[in-house]
Amino acid sequence: MKKITILCTALMAGMTLFAQETTAMKGAYTVGATDGNDYKTLADAVKDFDTKTIEGDVTFLITTDLTETVNAGIINTTDFTLTIRPDKDEDRVITYTTVPDNEGPSGNLVIGGDMTKDIPFATTPTKNVVIDGAAEGKDTRRLSIIGTATGGRTVVVYGKVENAAIKNCIIKHTRTSKTNFALEIRTESNTDNAPIGLVVENCYLEVIGSVNTQTVVFNGAAKKTAAGVPTNTTIRNCEIVSNLRGIFLNGAMDVNIEGCTFRLAKASAGYLAHGIMGNSQAGVINVKGNKFIENGTANASAGDYGIQSITASGGATVWNIENNYFAGYDALGAVAEKNIKLCAVRCGDSCVVRHNTFYMPKLTNAPATPAMSSAPVSLLYLAGAKTNLVQNNIFVCDEDVANVSLIRGSLTDNTTGNKFYCKEGNAVIVAGAEMCKDFAALETAYATQAATSKWVNVNFTDAAKGDLSLAGESDGDVNLGVARLEDVQKDINGKDREATTYAGAFEGKSLTNPTAVEDTDVKVVVDKIVRNGQVYIVRDGVVYDMMGQVVE
């Protein structure tokens, strides 16, 4: 009996060891609809990951298009990383057909939401999750995640989630009714559990199917205390497409929005649409190097309807708005002479607005022309009582019927180095205590601000398509020159700014006067050439004109 007992004990121990080995996960697993894959659905794969022992980094490789009828909640409490990505450099589509609001957080693919708990909207602190839409070693957007059901949130980052990244993905919601989000960054209800340090990079994010669409939403409204909001989020090099709001900062702290392209091609009628809308945010909001290139509105009603590319209001300590392009404004409603809003930046919080390029085109349906001090069409609206730094920007307006404020609101001594231009007509430089319709009026009303500013006609490469880089005679125009700022060392394209740099977002050709050839050097020139009837001299491979200036 003793021998048998020992044998049974050994067998039981062996079974235990075998069970541990089969329930542990590490390495790569395939997810697809065929029997040759480890998992048929992503929901199955994530459920295993949430419940099994994790002994190393885990990667779920998407091998084919998936139709998911069950939502997935990703939990990772380990120091290992979970990555979801395509198995190869080919397009993969994950389509969710189910209603997101089930027994877990409202969302199709939820990082931090625990779908196994009975408590609605429960979370488990989660870390080290990466959704990468590119194959390994690539950066092409190959993975699409698409929500289709009513009330949809396609991807949700929920509760205390740290060290998470979503990159190289195409994330959409296609529902044509109800409120839909592509990405929600959300605090757990009535707690201070909120995402920290989320990175969203090189993604295409779109929700345009219904009127009330919001592409990226921060939701810190359900927090327990003021500290319980999504913090230190970075949204970088993304394309964000919406009808209503591109990014809604509804409770967020310290957000970086960098290098993104915003498109609101035809914003919904009956709403005031926003590329970025502030609301109960806090801390520092950095908006740098972005392009707001389609800002059309379908509104035909007067009043608070239209477009504000950035509503920099709601409680932030400061908004740093630098090196951005603002273009593509148009009134596309069927009725002209309605006083809808078309505004690039509205400053209610304290703002630093430096090295941006603002352009208001001639509008399809020009709004009416109310008193200049309340003109609804404006490029920069200094709305609050805060002291704003407005420095080294370019303001250009081609609209010559409607009243347009290049800057609306009284200026302070912090307004310096700006370049203005508008056509003859109703456009103005400043609408505030004084209405300045030309530069002479600006010099009279705002002598301090005008001293470092200029009236310059600027040529853009393709303003109609939102390309506000300089072209033609403007690229090299010393009238656009300003002294480089210590805090703005690069332009919108990451190019180093020279000591004498350009106002606006774009750093074109060098504005530094080339060194002239001394007279004695001119006499020893080794060659002479003729171009288009002009004589140039060449010395040591450098071409000079007859005044001794370097010719590029």
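Values reported hereafter were calculated over all heavy atoms of this structure, with side chains retained and with hydrogens, waters and symmetry mates removed.
Listed by chain and number, the residues in a side chain to side chain donor-acceptor pair (under 3.5 Å) with Asp139 amount to none (sequence neighbours excluded). Not counting sequence neighbours, the partners of Glu498 by the side chain to side chain donor-acceptor pair (under 3.5 Å) test are Ser510, Thr512. Under the rule for a side chain to side chain donor-acceptor pair (under 3.5 Å), Thr387 has no partner lying at least two apart in sequence or in another chain.
Taking CG of Asn388 as the start and OG1 of Thr415 as the end, the distance is 8.0 Å to the nearest 0.5 Å. In this structure, CD1 on Ile240 lies 3.5 Å from CD1 on Ile247, to the nearest 0.5 angstrom. Taken from CG in Leu363 to CD1 in Ile340, the straight-line distance is 8.0 Å, to the nearest 0.5 Å. Rounding to the nearest 0.5 angstrom, the gap separating the CG atom in Leu244 from the CG atom in Leu264 is 8.0 Å. In this structure, CD1 in Ile293 is found 5.5 Å from OG1 in Thr261, a value given to the nearest 0.5 Å. Residue Tyr204 holds its OH atom at 5.5 Å from CD of Glu239, rounded to the nearest 0.5 Å.
In this structure, Pro195 and Ile185 approach most closely via the heavy-atom pair CG-CG2, 3.8 Å. Nearest approach of Ala344 to Leu379, heavy atoms of both residues: CB-O, 3.0 Å. Contact between Asn393 and Val390 at its shortest, heavy atoms only, is ND2-CG1, 3.6 Å. Taking every heavy atom of both residues into account, Leu389 and Asn414 meet most closely at CD1-O, 3.3 Å. Taking every heavy atom of both residues into account, Ala463 and Ala327 meet most closely at O-CB, 4.4 Å. Contact record, Cys203 with Ile166: SG-O, 3.6 Å, taken as the closest heavy-atom pair.
Between Lys362 and the options Asp398, Asp330, Asp400, a salt bridge (Lys or Arg N to Asp or Glu O under 4.0 Å) holds for only Asp400. Each of Lys495, Arg497, Arg484, Lys490 was scored for a salt bridge (Lys or Arg N to Asp or Glu O under 4.0 Å) with Glu507, with one residue passing: Arg497.
Side-chain contact between Asp413 and Gln449: present, with at least one pair of heavy atoms (C-beta onward) separated by less than 4.5 Å. Under the 4.5 Å side-chain criterion, counting only non-hydrogen atoms from C-beta, Ile285 is not in contact with Asp349. A heavy-atom distance below 4.5 Å is not found between the side chains of His274 and Phe248. With a 4.5 Å cut-off on side-chain heavy atoms, Pro230 and Thr187 count as touching. Contact of the Val482 side chain with the Asn418 side chain is not registered, since no non-hydrogen atoms from C-beta on lie closer than 4.5 Å. Side-chain atoms of His355 and Leu485, non-hydrogen and from C-beta on, do get closer than 4.5 Å to each other. With contacts defined as side-chain heavy-atom distances shorter than 4.5 Å, the pair Val207/Ser242 does not qualify. Here the side chains of Arg354 and Asp487 are in contact, with some heavy-atom distance below 4.5 Å.
Remark: the backbone N or O of Val284 is paired with a side-chain donor or acceptor of Asp254 at under 3.5 angstrom. Thr154 places a side-chain N or O within 3.5 Å of a backbone atom of Lys172 that can act as its donor or acceptor partner. Between the side chain of Asp304 and the backbone N or O of Leu272 there is no donor-acceptor pair closer than 3.5 Å. A distance-only check finds a donor-acceptor pair linking the side chain of Ser474 to the backbone of Asn459 [under 3.5 Å]. Between the side chain of Asn356 and the backbone N or O of Ile321 there is at least one donor-acceptor pair closer than 3.5 Å. Side-chain atoms of Asp477 never come within 3.5 Å of backbone atoms of Val458 as a donor-acceptor pair (strictly under, hydrogens ignored). Checked by atom type and distance alone, the side chain of Thr452 pairs as donor or acceptor with a backbone atom of Gly417 at under 3.5 Å. Between the Asn243 side chain and the Ala267 main chain, no donor and acceptor come within less than 3.5 Å of each other. Side-chain atoms of Gln281 come within 3.5 Å of backbone N or O of Ser313 as a donor-acceptor pair. A donor-acceptor contact shorter than 3.5 Å is absent between the side chain of Asn392 and the backbone of Tyr502.
Sorted by first and then second residue, the pairs that involve residues 306-350 and meet ring pair (Phe, Tyr, Trp, His ring centres under 6.0 Å), not counting sequence neighbours, are Phe292-Phe326, Phe326-Phe358. Listed by first and then second residue, the salt bridge (Lys or Arg N to Asp or Glu O under 4.0 Å) pairs involving residues 199-218 are Glu201-Arg236 (not counting sequence neighbours). Residue pairs satisfying the salt bridge (Lys or Arg N to Asp or Glu O under 4.0 Å) criterion with at least one member in residues 274-300, sequence neighbours excluded, are listed as follows: Arg263-Glu294, Lys288-Glu322.
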Stepwise, does the side chain to side chain contact (heavy atoms under 4.5 Å, CB included) test hold for Phe218 with Asn279?
CA-CA 10 Å; Phe218 288 79; Asn279 186 59; over 6 Å; no
Chi angles and distances behind the side chain to side chain contact (heavy atoms under 4.5 Å, CB included) call for Phe181, Val156
CA-CA 9 Å; Phe181 307 156; Val156 178; over 6 Å; no
Are Asn256 and Asn232 close enough, and set up right, to give a side chain to side chain contact (heavy atoms under 4.5 Å, CB included), and what steps lead you there?
CA-CA 7 Å; Asn256 301 298; Asn232 197 25; 4.0 Å; yes
Stepwise, does the side chain to side chain contact (heavy atoms under 4.5 Å, CB included) test hold for Cys347 with Val353?
CA-CA 9 Å; Cys347 294; Val353 184; 4.1 Å; yes
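Within a 6.0 Å radius of NZ in Lys465, other residues, nucleotides and ligands contribute 12 heavy atoms or fewer.
For the residue pair Asp132/Asn168, the side-chain donor-acceptor check at 3.5 Å is satisfied. Under 3.5 Å, the side chains of Ser469 and Thr461 contain a donor-acceptor pair of N or O atoms. Looking only at atom types and distance, the side chain of Asn202 has a donor-acceptor partner in the side chain of Arg141 under 3.5 Å away.
Glu184 has a carboxylate O that lies under 4.0 Å from a charged side-chain N of Arg153, or vice versa, which qualifies the two as a salt bridge. A salt bridge is absent between Asp192 and Lys223; no separation between the charged side-chain nitrogens and carboxylate oxygens falls under 4.0 Å.
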